[in-house]
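Report on the following structure.
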Amino acid sequence: SDLKVFEDMIYYTTNEKGRLHGVKISNGQLLLNTASPHEDTFEHYTNSRIEHGLGIHENLRYIYVQDGYFLMCFKLPKFN
């Protein structure tokens, strides 16, 4: 898995279930727990999991991940 800190959040990926997580540092609350949007969408994408590779573009507030098939970019929300 990979781990990145941005603002008051820690973002990390997990190997077991292939998820992207975001935990608020100040209180330990899990605010983000998401799977690849491609997971189980087609027979040949059954193993599409967000496991490795995590990057953050701080100025644009984008997070980049991959699921073994696709490179994806998501806009990071502002967690209060």
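No hydrogens, no waters, no symmetry mates; every other heavy atom, side chains included, goes into these values. Predicted model, so just to flag it, every value in this text is computed and none were measured.
Look at R61 and E7 and you find a salt bridge, because one of the NZ, NE, NH1 or NH2 atoms lies within 4.0 Å of a carboxylate O, short of that distance.
A distance of 6.0 Å separates OG1 in T34 from CD1 in I50, rounded to the nearest 0.5 Å. Here Y11 contributes atom OH and L54 contributes atom CG; the two are 10.0 Å apart, rounded to the nearest 0.5 Å. Summarising the geometry, atom CG belonging to D2 is positioned 4.5 Å from atom OG1 belonging to T13; distances are rounded to the nearest 0.5 Å. The distance from atom NZ of K24 to atom CG of D8, rounded to the nearest 0.5 Å, is 4.0 Å. Taken to the nearest 0.5 Å, the CZ atom of F79 stands 5.5 Å off from the CG atom of L31.
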- request: Walk me through it: do H21 and L32 pass the test side-chain contact (heavy atoms from CB on, under 4.5 Å)?
  value: CA-CA 5 Å; H21 303 280; L32 181 66; 5.9 Å; no

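Heavy-atom neighbours of K75 NZ from other residues, nucleotides or ligands within 6.0 Å: above the threshold of 12.
The shortest non-hydrogen separation linking M9 to G22 is CE-C, 3.5 Å. In plain terms, the two heavy atoms of V23 and Y12 that are nearest each other are CG2-CE2, 3.8 Å. Contact record, S48 with S36: O-CB, 3.8 Å, taken as the closest heavy-atom pair. The two residues Y64 and H57 come nearest to each other via the heavy atoms CE1-CB, 3.9 Å. Closest non-hydrogen pair, R49 versus G18, comes out as CB-CA, 3.5 Å. In this structure, F6 and I56 approach most closely via the heavy-atom pair CB-CD1, 3.8 Å.
Within the 4.5 Å cutoff, the side chain of D67 has heavy atoms near those of the M72 side chain. For the pair L76 and L60, the minimum side-chain heavy-atom distance is 4.5 Å or more.
Of the possible donor and acceptor atoms, one in the side chain of Q66 sits under 3.5 Å from a partner among the backbone N and O of G68. In this structure, K17 contributes its side chain and A35 its backbone to no donor-acceptor pair below 3.5 Å.
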